[in-house]
*Asks:* 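Handing you a structure now.
Just so you know, residue 1 is the first one in the sequence shown, and it goes up from there. In listed order, ligands and their atoms are each counted from 1. Small disclaimer: the values here were computed from a predicted structure and weren't measured. Atom set for the values below is all heavy atoms of this structure, side chains included, hydrogens, waters and symmetry mates excluded.
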Amino acid sequence: MLPKIPEEGMEALKAALEKGNLIEAAAKAKEALERVDKITLKIAVTGEAGSGISSFVNAIRGIKDTDDGAAAIGVIETTANPTSYPHPRYPDVIVCDLPGINTPKFEPDKYFKQVKFSDYDFFIIISSPRVTRHNIHLAQEIQKQGKKFYFVRSKVDVDLTNEKGRYDEKGILKRSSAPVNRPRQYRERAILDTIREKCIKDLEEAKVASSRVFLVSKWDLGKYDFPTLQETLVAELPSLKRRTLLRSLTKMIKETLEKKKEQLQTEIWLKSLLSCGVAAVPLPGLSTVCDVAMLVTSLKGFCSDFGLDENSLTTLARQTNKPIAELKAVIKSPLSEEITKDLVMKLLTKCAAGAIKYSTYFFNFVPVVGSVVSAAVPLPTTKIMLQNFLDDVAADALRVLEVAMEGDVSK
Ligand SMILES: Nc1nc2c(ncn2[C@@H]2O[C@H](COP(=O)(O)OP(=O)(O)O)[C@@H](O)[C@H]2O)c(=O)[nH]1
Ligand SMILES: [Mg+2]
């Protein structure tokens, strides 16, 4: 299910991949990335219940809690199910009000499955008054999925009011509440900085430091970090969308290549049988040279099935404006041109050791093939070699395309 990729050109991309045409595939992928403005971004607002998730959803949409269509607020009226709201100014952005992670219906260990975290592209974690283990758990899960989040410390008005209570009308610290590290003079900025630093430190300690922390009060959206947060979000939206699109695209490419690999896998048995001479020449030993020649052809075939040859790479490098070395750097298997009889012999020797156990199993069950036992290259070895090679070229093709699409993320 890939709802975020604009449909145009997707069939062409799949067809190019099926043909092993990396050049066309990369071009189609680039075209898809250029349609970035058409993709919808789903932003999930999450956190512990009661920390102000729904209030934040209303705030970011620029509406009052009492307006029609506002998310329900309150200690009792907790959000029961994830609810989506379109962003009033950016219709391709959907803001989702998620239930709190610690509500009875949504237990922490099942939360991620229940609210389908994988469906969202970007997260905002609301936290107050302190960073809890649930907050950390949320951040870690988001990071695990390779997605980004902002950390919002809500209700800072409450903190400021509480702190203010420790100072007199002139802003001087009252004697009764004078622990060591409180400044004598009331200073709002210092209090806010302390809160922010504490959040950052807690997140860093939990190894989720890539986040940004914003201090917010729903009662004063023009103050603290809410304006900056809005600006940051708007500024980062295009690159967030690009990242999302690239992720979906890579997933789709991977699935298509995987399917292609599965199809080719069905041919492996046949190819190994043929190369061992069972189907072609029932004279073991005689066809050793022919066998290897045939394997050379098979491996070259896999390379061209996945577009891994000098010509394709040269064109791809030119088309994507990347040095060919950069594309080659991610390729682990030999290119079509590098496949020789010598290389095949080397690969077979490498696989032979691994095939011993398997061959015992195989020959017990398929006695008819027993006649090739004396052949220079036993059947399981051939099969394993072909299988390994196929796995490698499929993985190489994916990596090459990833490199080819790379530069488009940072734009
Ligand atoms: N003082 C203050 N109260 C807030 C703030 N954000 C939310 N609240 C209150 O916290 C309670 C829970 O808010 P709600 O948005 O429903 O939290 P949710 O359960 O996380 O969705 C409500 O009474 C809100 O008015 C804030 O920034 N400052
Ligand atoms: Mg709520």
*Asks:* Who's closest to atom 21 (O) of ligand 1 heavy-atom-wise, of Pro99, Ala71, Ser54?
*Replies:* Ser54
*Asks:* Confirm or rule out an N/O/S atom of Ser55, from backbone or side chain, lying less than 2.8 Å from the Mg ion (ligand 2).
*Replies:* no
*Asks:* Let me confirm one number: the NZ-OG1 distance from Lys155 to Thr161, rounded to the nearest 0.5 Å.
*Replies:* 12.5 Å
*Asks:* Purely on distance, is any nitrogen or oxygen of Ile53 under 3.5 Å from one on ligand 1?
*Replies:*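 Yes, there is a polar N/O contact under 3.5 Å.
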*Asks:* Give the numbers and elements of all ligand 1 atoms closer than 4.0 Å to a heavy atom of Glu48.
*Replies:* 20 (O)
*Asks:* Which one of Ser51, Ser55, Gly47 has a non-hydrogen atom at the shortest distance from atom 7 (C) of ligand 1?
*Replies:*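 Shortest heavy-atom distance from atom 7 (C) of ligand 1: Ser55.
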*Asks:* Would you mind running through ligand 1 and noting each atom that sits below 4.0 Å from a heavy atom of Trp219?
*Replies:* 1 (N), 2 (C), 3 (N), 28 (N)
*Asks:* Would a distance-only check, ignoring hydrogens and angles, find a side-chain to backbone donor-acceptor pair under 3.5 Å from Asp225 to Thr228?
*Replies:*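 Here the side-chain-to-backbone pair does not exist.
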*Asks:* Evaluate whether atom NZ of Lys19 has more than 12 neighbouring non-hydrogen atoms of other residues, nucleotides or ligands under 6.0 angstrom away.
*Replies:* yes
*Asks:* Out of curiosity, is Ala49 lining ligand 1, as in a heavy atom under 4.0 Å away?
*Replies:* yes
*Asks:* State the atoms of ligand 1, each with its element, that fall below the 4.0 Å cut-off from a heavy-atom position in Val158.
*Replies:*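 Answer for ligand 1: 1 (N).
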*Asks:* Can you confirm whether Lys218 is buried at NZ, in the sense that more than 12 heavy atoms of other residues, nucleotides or ligands lie under 6.0 Å from that atom?
*Replies:*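 Enclosed: over 12 neighbouring heavy atoms sit under 6.0 Å from NZ of Lys218.
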*Asks:* Can we call the ring centroids of His137 and Tyr111 under 6.0 Å apart?
*Replies:* no
*Asks:* Which pairs count as ring pair (Phe, Tyr, Trp, His ring centres under 6.0 Å) when at least one residue sits in residues 7-31, sequence neighbours excluded?
*Replies:* none
*Asks:* Just jot down the ligand 1 atoms closer than 4.0 angstrom to any heavy atom of Ser217, in number order.
*Replies:*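 Every atom of ligand 1 under 4.0 Å from some heavy atom of Ser217: 27 (O).
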*Asks:* I'd like to check whether Gly50 has a polar contact with ligand 1, where a contact means an N/O of the residue lying under 3.5 Å from an N/O of the ligand.
*Replies:*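 By distance alone, the answer is yes.
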*Asks:* Which ligand 1 atoms are under 4.0 Å away from a heavy-atom of Asp157?
*Replies:*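 The atoms of ligand 1 under 4.0 Å from a heavy atom of Asp157 are 1 (N), 2 (C), 26 (C), 27 (O), 28 (N).
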*Asks:* If you draw the axis of the six-membered ring of Phe306, does the NZ or CZ of Lys260 fall within 45° of it and under 6.0 Å from the ring centre?
*Replies:* yes
*Asks:* Taking the six-membered ring for Trp, are the ring centroids of Phe214 and Tyr150 within less than 6.0 Å of each other?
*Replies:*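 Yes, ring centres under 6.0 Å apart.
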